[in-house]
Amino acid sequence: MSEDIVPIAEFKSHLSEMMRGLPARGRPVVVTQNGKPAAVVLSPAAFDRLSNNARFVAAVTEGLADLDRGHVVSDDELGKLLDERF
């Protein structure tokens, strides 16, 4: 865990090494400034996973809200709506 938290001076002095190691480490690096978290650095693959998960959760939440408001259609109605639109 302590290797995941790095002061900014150390991060700057080992930047290339840390960037190369991000995909293999599988965890983000928390960069601190004056002892407080200032940034989180992660691999592009990890960022994509987080982004995709957030979009999925948002879509499910929106769908459940629609359900709660009664904004639903039957399978047949959906098929007709899709046929009309596409």
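Because the structure is predicted, anything quoted here is derived from the model rather than measured.
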Applying salt bridge (Lys or Arg N to Asp or Glu O under 4.0 Å), can you list everything that pairs with Asp48, at least two apart in sequence or on another chain?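 Residues passing salt bridge (Lys or Arg N to Asp or Glu O under 4.0 Å) with Asp48: none at all.
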Practice problem: Under the salt bridge (Lys or Arg N to Asp or Glu O under 4.0 Å) rule, collect the residues that match up with Arg25, sequence neighbours excluded. | Solution: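 Partners of Arg25 by the salt bridge (Lys or Arg N to Asp or Glu O under 4.0 Å) criterion, ordered by chain and then number, come out as Asp4.
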TODO: Apply the test side chain to side chain contact (heavy atoms under 4.5 Å, CB included) to residues Phe47 and Ser51: give CA-CA distance (whole Å), side-chain angles for both, the deciding distance (0.1 Å), then the verdict.
DONE: CA-CA 6 Å; Phe47 178 78; Ser51 297; 3.5 Å; yes
Side-chain atoms of residues 75-86: list all donor-acceptor pairs with protein atoms under 3.5 Å, sequence neighbours left out, distances to 0.1 Å.
residue: Glu77; atom: OE1; partner: Ser74; partner atom: N; Å: 2.8
residue: Glu77; atom: OE1; partner: Ser74; partner atom: OG; Å: 3.2

Would you list the atom pairs, donor with acceptor, under 3.5 Å between side chains in residues 12-22 and any protein atom, with sequence neighbours excluded?
residue: Ser13; atom: OG; partner: Ala9; partner atom: O; Å: 3.3
residue: Ser13; atom: OG; partner: Glu10; partner atom: O; Å: 3.1

Residues in side chain to side chain contact (heavy atoms under 4.5 Å, CB included) contact with Thr61, at least two apart in sequence or another chain: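 Residues passing side chain to side chain contact (heavy atoms under 4.5 Å, CB included) with Thr61: Val57.
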* **Distance-only polar pair, side chains of Asn52 and Arg55, donor-acceptor under 3.5 Å** =>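 Note: Asn52 and Arg55 side chains meet the donor-acceptor criterion.
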Show me the donor-acceptor pairs, under 3.5 Å and distance only, between side chains in residues 29-40 and residues at least two apart or in other chains.
none

Would you name the heavy atoms of Phe11 and Val6 that are closest together and state the gap between them?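 For Phe11 versus Val6, the nearest heavy atoms are N-CG1, 3.6 Å.
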